[in-house]
Amino acid sequence: MAYWLFKTEPDTFSIDTLKTLGTSCWEGVRNYQARNLMRDEVKGGDKVFIYHSSCKHVGVAGVATVSREAYTDHFQFDPESPYYDPKSDPANPRWIMVDVDYERHLPLVSLAAIKANPELTEMVLVKRSRLSIQPVSESEWHTILAMAGVSA
DNA sequence: GCCAACGTTGGC
DNA sequence: GCCAACGTTGGC
């Protein structure tokens with residue numbers, strides 16, 4: 001089982017939205033490196049930090065579990081969708097998504113606190129912040145849970 | 001295949 | 001709203 005961090009803008013989709021839905025697809029990833037991680041490495045049962053970006057309280061806001069592995073993101077073919085990609089060929093879709101199940105909220109672990117923690121200097125979030133789907137190491141995972149005050 | 005121009009991300 | 005970092009596009 002692997003650990004990940006998925007970014008979302010809470011004004012559009014937040015940990016609260018995911019709790020309400022219970023399960024949701026994670027659509028709209030339009031970056032090749034993030035897509036390749038989702039397509040090749042994100043597996044059912046993997047654990048995911050839900051990270052709130054571009055908002056007042058930036059940071060890790062909750063935990064989800066991967067419930068369905070990569071499948072076609074149909075929003076790429078919908079001209080009404082903000083994720084529409086006219087260059088994607090339906091016979092050979094360019095973009096995929098996964099499904100996640102809500103697991104729990106966390107007391108927010110802020111980006112500032114993550115940056116300030118000497119145990120987390122190697123986190124992708126710290127070193128290369130822009131990637132929207134990121135691997136998280138087991139020790140980083142446990143460090144952040146501990147910062148949230150969660151034992152396991 | 002290089003690289004300049006341009007677009008997007010995302011913290012502050 | 002600014003702007004730095006970085007990804008993508010397209011001419012050559």
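None of these values were measured; they are calculated from a predicted model. Numbered from 1 within each chain, the chains take letters A, B, ... in sequence-line order.
Remark: P of dG11(B) and NE2 of His52(A) are 12 Å apart, rounded to the nearest angstrom. Rounded to an integer number of Å, the gap from CG of Leu125(A) to C1' of dC6(C) is 16 Å. Going from atom CD of Gln33(A) over to atom C1' of dT8(B) covers 15 Å, rounded to whole Å. The NZ atom of Lys127(A) sits 16 Å away from the C1' atom of dA5(C) (whole-angstrom rounding). As a whole-Å value, the separation of Lys87(A) NZ from dG7(B) P is 12 Å. Rounded to a whole Å, the CH2 atom of Trp95(A) is 10 Å from the C1' atom of dT8(C). One can place CG of Asn31(A) at 10 Å from C1' of dC6(C), the figure rounded to the nearest angstrom.
Ion pairing of Asp73(A) with Arg94(A) is absent here, as no side-chain N (NZ or NE/NH1/NH2) approaches a carboxylate O to less than 4.0 Å. Ion pairing of Lys47(A) with Glu103(A) is present here, as a side-chain N (NZ or NE/NH1/NH2) and a carboxylate O approach within less than 4.0 Å.
Comparing dG7(B), dG11(B), dG10(C) against the side chain of Arg130(A) picks out dG7(B) as the nearest. The side chain of Tyr32(A) lies closest to dT8(C), out of dG10(B), dT8(C), dC12(B). The listed nucleotides are dG10(B), dG10(C), dG11(B); the one nearest the side chain of Val58(A) is dG11(B).
The cationic atom of Arg68(A) (NZ for Lys, CZ for Arg) lies less than 6.0 Å from the six-membered ring centre of Tyr71(A) and within 45° of the ring axis.
Side chain to side chain, Asp101(A) and Thr23(A) meet the donor-acceptor criterion of an N or O pair below 3.5 Å.
For the ring pair (Phe, Tyr, Trp, His ring centres under 6.0 Å) criterion with Trp26(A), the lone passing option out of Trp95(A), Tyr83(A), Phe6(A) is Phe6(A).
The shortest distance between the side-chain N/O atoms of Lys56(A) and the OP1/OP2 oxygens of dC12(B) is not below 4.0 Å. Using a 4.0 Å cut-off, some side-chain N or O of Tyr51(A) falls inside it from OP1 or OP2 of dG11(B). Put simply, Lys7(A) has no side-chain N or O that comes within less than 4.0 Å of OP1 or OP2 on dT9(B). A close approach under 4.0 Å does occur between a side-chain nitrogen or oxygen of Arg128(A) and OP1 or OP2 of dG7(C).
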